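The chains referred to below are lettered A, B, ... by the order of the sequence lines, with proteins before strands, and numbering in each begins at 1. Just so it is clear, the structure is predicted and the values come from calculations on it, not from any experiment.
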Amino acid sequence: MFYVKTLSHEIVLEPVHFGQKLRATLVRLLKEQVEGLALANYGYVVNVIEVPEDQIKSGVIEYDTGSVIFTVQYTALLLRPFIHEVLDAVVSQCNPLGFFAFVGPLRIFVSKHSMPEDMFNGFDGEKDAWISDDKEVVIASGSGVRLKIKGRTVEQGNITAIGTIKDNYLGLIDDGEAQGTV
Amino acid sequence: MTTENIVGFVELPSATDKLYCWKVRDGSSVRVGETIGLISKNANESAADLIMSNVVVSAVKSHKRPKRRMRPGDTAVAASEETKTADSITTNSAAESASTSESKQDLCPLICRADGILRIGSPLSTTEGQNSAVVIGYIVKCLHPTVIEGLCAVCGKSMELPTSNNGAYSPEKIDGSVNMSRVTVAGLTVAISESEGQRMAEEDAERLRSQRKLSLVLDLDHTLVHATNDVRAQQYLHREDVRSLVLPIITVSGNGQEQTMPKNNLWIQQHFVKLRPHVKEFLEMALSLYEVGVYTAGTREYAEQITMMLARHLVGATRDQTDLEHLRYQVQSAESEYARHEAKSGGDIDQVNDADHADEVGNQAAETTEGKSRKRKRVTFTASKTDEKTDRVTAEKVTEMKQELEGAERLEVEAQEMRQKLFGSRVVSRTDVGDLGRDVKSLKRVFPCGGTMAVVVDDREDVWANAGEVTGATRKGEPPENLLLVRPYHWQNFVGYADVNNAAGFDLTRSENEGDDESDEQLLWTSDILKRLHTRFYDNISEDKDKTVADVLRSMRQEVLLGGSLVLSGLIPLHKQKVESNGPRPAVLRYAESLGAKVLPNVTSDTTHVVAAKDGTDKILAARQIPGCFVVKASWLMECVWTVKRRDEEKHLLGPSPRSNPANLPANDSDDDDDDYDDDLAAELENEMLNDD
């Protein structure tokens with residue numbers, strides 16, 4: 001789920017920023033550019049923890065534009081779905097094919113084939129919810145579910161994963177009626 | 001179970017092992033290297049029967065649910081949960097009592113050897129185990145029923161879908177064997193396999209049949225509403241059927257992709273929408289007989305707002321989203337002002353405090369506030385304006401406004417529910433089917449393997465024809481038969497204003513004077529057609545299971561002009577007159593033929609109608625010779641198409657009515673009549689000339 005890693009990023013700095021606050025500007029720009037980004041194999045960058053001072057080396061001037069390229073190394077907190085990982089997520093939308101749940105910025109889709117047999121036909125169009133045969137389990141927008149990640153893909157700057165609630169002890173854990181967080 | 005699908009077996013490594021438990025359930029997807037169970041070594045008995053029964057019992061147990069978070073008022077639920085888990089624990093222990101005595105150190109993982117779906121139990125065909133190992137389960141290939149964003153929704157494997165550039169209907173192959181087609185459900189475009197599509201279609205058909213409903217797909221622009229973003233439309237907002245909505249601005253970036261400006265960018269524009277007359281009756285009828293959906297060329301936000309607007313219209317709520325927020329703000333500010341006013345006056349005038357506070361119950365409150373303010377007027381010299389303002393904010397007013405707000409909010413909630421009931425998640429917009437482009441609407445996206453119980457109501461045919469789907473008796477390049485064309489709706493006050501999404505369909509009767517707006521009856525006509533269609537479909541449903549909506553519509557249309565023999569004049573340009581067999585026919589020709597009429601190139605004695613663009617052509621002159629032959633404008637044919645009924649020719653005559661039809665008269669008499677007519681005309685001219693002199 002979460003892990004820390006040292007990454008490096010290139011920042012292009014225009015000459016207007018040169019001066020006393022160069023490093024501060026660099027750090028600020030780095031945070032702006034990188035936080036929230038989904039990197040291909042690393043996952044979402046949730047937060048830039050630290051930019052070690054000695055790691056900001058001198059920048060290289062680009063001949064064409066006059067801007068300077070800094071290669072900055074930083075430690076980041078990353079969120080990445082691992083296959084077979086069990087996560088708690090919040091359901092955002094139910095549709096006839098399954099439902100979408102979110103873990104922060106990570107979107108997970110659970111198809112009807114990955115639900116227990118007693119929920120396979122349980123889509124209620126009126127209430128937009130998945131309901132089990134014995135009506136005990138109601139998965140609607142806002143409920144919390146425990147799911148297991150089966151696969152993931154990164155496209156268009158977003159990470160989408162496929163999950164399942166078919167195994168034992170997976171499924172609805174929170175009705176979502178109160179404003180509680182998962 | 002076919003054996004070709006089996007890609008692997010789950011075996012116990014040696015005969016003395018016993019399965020402790022399964023880690024995954026029957027039917028779950030598994031991958032190579034995954035731990036799917038635990039095996040205990042050093043088993044006391046190694047009888048295969050015991051193992052099998054153990055295996056089967058473990059598999060049959062129902063899905064264990066996780067322990068739910070406790071909420072303060074949830075004691076009842078928690079109690080039932082407790083008993084459930086208690087029951088499962090006892091059964092668990094009963095079945096595996098033998099293994100409870102095993103020490104935990106003897107458990108080792110059972111590793112999966114293949115990718116696919118796990119099935120517990122032994123496959124029917126093979127009872128001889130490979131290498132004399134005991135087979136307790138097998139793995140079948142995942143059929144990849146749904147592929148979303150390039151991942152199989154069941155096994156999570158990444159699948160490459162080749163993108164097709166010619167739009168809608170091109171089945172794509174995955175793994176070289178499975179046909180996938182794209183489908184859009186609830187704003188999501190996924191690819192589903194053929195078998196999955198068929199299963200969905202059967203489910204839908206079952207559901208529709210059990211409710212005795214059919215499926216209806218509606219277009220929005222120029223069919224149910226007329227929308228514009230021209231600011232001049234603001235003057236009409238006072239009307240009940242003109243609403244406004246706010247949408248973010250869309251720009252088209254370099255590579256042709258549409259981008260919506262982010263919401264906080266405030267690049268929004270106000271749009272104005274006029275609802276078509278009779279839309280309320282139409283939707284109410286549709287709600288009872290059809291499962292309604294929307295397919296629009298607008299964006300997702302547009303579609304959601306318009307559907308919400310229609311729902312509000314149905315429940316009688318006149319306040320739109322912005323109005324409601326405005327009202328809330330008003331009530332809030334009134335409340336805070338009133339509270340402030342109360343606090344101020346409560347501190348100021350000490351003498352009247354006791355009496356006033358005692359009287360501050362119900363309707364006395366208004367009087368006392370007035371009394372206080374009066375007193376304040378005498379005492380203080382603060383500007384009279386503030387006093388007037390506080391006068392306005394009396395307790396009565398506040399409660400009044402609160403009640404108004406409550407009523408409006410209640411209506412809004414009702415409208416939300418109505419929208420859910422009416423449309424559900426069956427709204428398809430341009431953003432959802434982005435890869436199709438602006439000019440293509442494809443029925444396969446909504447009904448991948450069906451559409452036999454669906455009717456489409458749209459003012460444009462070409463977008464449906466552009467999808468290039470050929471079903472049943474449709475010719476290539478022509479729109480599908482279950483499309484009900486309607487007259488494009490233009491509100492005369494909005495004429496000349498910019499169109500929001502796409503232009504209206506081609507209207508042959510455009511040049512006619514529109515007359516009063518409320519005389520547009522198209523929705524009533526369509527409502528009638530849909531009612532007839534529904535009755536016809538479900539009347540003989542037991543006899544003919546395979547009847548499709550297209551068939552019923554075709555038979556309905558064929559009856560309209562049956563026996564009619566038409567000649568078209570001035571409607572088809574010369575270069576389009578040669579029709580290849582199985583090629584697309586010009587629209588007018590297609591209408592006439594689908595309505596059951598024969599279309600001939602020249603006027604003969606059998607001709608019953610000549611449909612012409614303007615008077616004075618050879619064909620018309622020839623037709624006037626024939627008794628009983630109507631010379632009508634194109635509007636007659638179009639109205640027949642729009643109402644699926646034979647319209648009164650007298651209302652669409654081009655020129656004088658046809659001569660009466662003495663069908664048994666010999667030919668020379670008609671010649672005589674002609675001479676008489678000419679003689680009369682000559683006589684009249686002579687008279688005129690003489691009289692002028």
Side-chain angles (χ1 to χ4, degrees), chain A residues 83-84 86 88 93-98 100 107 109-121 123 125-128 132 134 136-137 143-146 148-156 158-178 180 182, chain B residues 21-31 33-35 61-69 71-74 77 80-81 84 88 117 142-159 183 185-188 190 192 196 200 203-204 207 291 417 420-421 424-426:
Chain A
I83 301 190
H84 303 316
V86 176
D88 291 347
Q93 185 207 51
C94 292
N95 60 49
L97 292 177
F100 278 102
R107 187 175 71 154
F109 179 69
V110 177
S111 130
K112 58 193 288 190
H113 297 274
S114 309
M115 298 191 198
E117 291 82 13
D118 61 345
M119 286 188 71
F120 189 70
N121 287 318
F123 181 66
E126 304 257 324
K127 291 190 253 168
D128 250 7
S132 64
D134 54 4
E136 285 270 328
V137 178
S143 355
V145 289
R146 186 160 288 158
K148 188 176 188 180
I149 307 280
K150 279 291 182 190
R152 60 185 192 97
T153 176
V154 184
E155 87 296 313
Q156 300 165 341
N158 281 318
I159 305 188
T160 307
I162 301 286
T164 168
I165 55 170
K166 199 164 190 169
D167 294 334
N168 287 329
Y169 306 114
L170 297 179
L172 184 74
I173 53 172
D174 196 358
D175 282 345
E177 285 151 7
V182 173
Chain B
C21 69
W22 288 102
K23 283 278 179 201
V24 290
R25 286 185 55 79
D26 179 36
S28 279
S29 71
V30 290
R31 289 196 174 203
E34 189 180 338
T35 304
K61 267 182 259 179
S62 60
H63 180 237
K64 295 200 190 113
R65 293 178 182 156
K67 187 163 165 205
R68 276 209 232 163
R69 262 193 212 145
R71 297 236 168 269
D74 254 11
V77 177
S80 61
E81 293 264 341
K84 274 217 181 86
S88 55
I117 312 280
C142 173
L143 296 169
H144 308 307
T146 310
V147 174
I148 169 173
E149 310 271 13
L151 286 176
C152 166
V154 180
C155 66
K157 205 162 98 169
S158 157
M159 341 223 61
V183 77
V185 174
L188 194 66
V190 300
I192 58 172
E196 179 74 4
M200 278 173 68
E203 264 179 32
D204 285 344
R207 190 185 63 232
E291 208 176 60
E417 289 173 358
Q420 188 66 21
K421 191 161 76 154
S425 50
R426 298 176 289 268

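Under a 4.0 Å N-O distance rule, the pair B:Arg25/A:Asp167 does not qualify as a salt bridge. With respect to B:Glu34 and B:Lys23, no salt bridge is recorded, no charged nitrogen being found less than 4.0 Å from a carboxylate O.
The aromatic rings of A:Phe109 and A:Phe100 lie tilted to each other, with the angle between the two planes from 30° to 60°.
Interface residue A:Val137: backbone and side-chain heavy atoms are both found under 4.5 Å from chain B. The contact between A:Thr153 and chain B is made by backbone and side chain atoms together, counting heavy-atom distances below 4.5 Å. For chain A, no part of B:Glu417 is nearby; none of its heavy atoms comes within less than 4.5 Å. If you measure heavy-atom distances from A:Ile149 to chain B, you find no contacts under 4.5 Å at all.
Counting heavy atoms from C-beta outward, A:Ile165 and A:Pro116 have side chains that approach closer than 4.5 Å. Residues A:Tyr169 and A:Val86 are not in side-chain contact: their nearest non-hydrogen atoms beyond the backbone lie 4.5 Å or more apart.
Between chain B and the residues A:Asn121, A:Leu170, A:Ile83, A:Thr164, the largest count of heavy-atom pairs under 4.5 Å involves A:Leu170. Taking chain A as the reference chain and counting heavy-atom pairs below 4.5 Å, the highest number among B:Ile117, B:Val154, B:Thr146 is found for B:Val154. Interface summary for chain B: among A:Leu97, A:Leu172, A:Thr160, the most heavy-atom pairs under 4.5 angstrom belong to A:Leu172.
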CA sep, side-chain torsions, deciding dist, call: B:Arg65, A:Ser132, side chain to side chain contact (heavy atoms under 4.5 Å, CB included): CA-CA 12 Å; B:Arg65 293 178 182 156; A:Ser132 64; 3.9 Å; yes
